[in-house]
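For reference, the structure discussed in these notes is given below.
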Amino acid sequence: MVETAIDNSPQPIPDKLYFRIGEVSRLTGVKQYVLRYWESEFAGLGPKKSGTGHRLYRRKDVELLLEIKHLLYEKRFTIEGARKWLEDRRKAPIAAKPAPKPENQAELFDSPVDGIRHELREILKLLK
DNA sequence: CTTCTGACA
DNA sequence: TGTCAGTA
């Protein structure tokens, strides 16, 4: 069984200046349409566009993508939760102890996966 | 051939 | 989140 899908193994980021979405997808193991979707959810993800509108990702973009992927898939954060986490981390770069802000706690550990929400919406529509 | 947007599931 | 069309 030759799995041709997409391997999620940590790939070394090539020493190039720009990457196309297809390459970024293979490098990060994240589907192309998901990469485009995340752009609409995370400020800070704004790949330059070539003259013909093609996305041009830089190393930083790929690294941020890997981080978001980890927060969403490994830690099972919500888009909102991941956003907060990244925001708070921006303010406190390598702070010793990111004093837990009680206000964010709820969102940080807000768990429902967005994909599940979508499925629930579909099911509810079928039940109407 | 690859990526892009928009529409729809 | 996943797929498709028509395109640049």
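Only heavy atoms go into these numbers, but all of them, side chains included; no hydrogens, no water, no symmetry mates.
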Heavy-atom side-chain proximity of [X] to [Y] below 4.5 angstrom:
X       : Y       : result
A:Leu35 : A:Tyr57 : yes
A:Val24 : A:Asp61 : no
A:Trp38 : A:Lys69 : yes

In whole Å, what is the span from the [atom1] atom of [X] to the [atom2] atom of [N]?
X       : N     : atom1 : atom2 : result
A:Glu39 : B:dG6 : CD    : C1'   : 15 Å
A:Lys49 : B:dC4 : NZ    : C1'   : 8 Å
A:Leu56 : B:dC4 : CG    : C1'   : 13 Å
A:Leu72 : C:dT1 : CG    : C1'   : 12 Å
A:Trp38 : C:dG2 : CH2   : C1'   : 15 Å
A:Lys69 : C:dT1 : NZ    : P     : 13 Å
A:His54 : B:dC4 : NE2   : C1'   : 6 Å

Quick one: is [N] close enough that its OP1 or OP2 comes under 4.0 Å of any side-chain N or O from [X]?
X       : N     : value
A:Lys31 : B:dT3 : no
A:Arg36 : C:dT3 : no
A:Tyr37 : C:dT1 : no

*Under a 3.5 Å limit for both distances, which nucleotide forms a Watson-Crick or G-U wobble pair with C:dT7, could you say?*
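WC or wobble partner does not exist here.
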_Suppose we define a pair by two distances each less than 3.5 Å, Watson-Crick or G-U wobble; what does B:dC1 pair with here?_
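For B:dC1, the partner nucleotide comes out as none, under the 3.5 Å rule.
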_If you only use heavy atoms from C-beta on, which nucleotide in B:dT2, C:dT1, B:dC4 is closest to the side chain of A:Arg20?_
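It is B:dT2.
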*asked:* Using 0.5 Å steps for rounding, measure from the CG atom of A:Leu45 to the CZ atom of A:Arg55.
replied: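 Result: 10.5 Å between the selected atoms.
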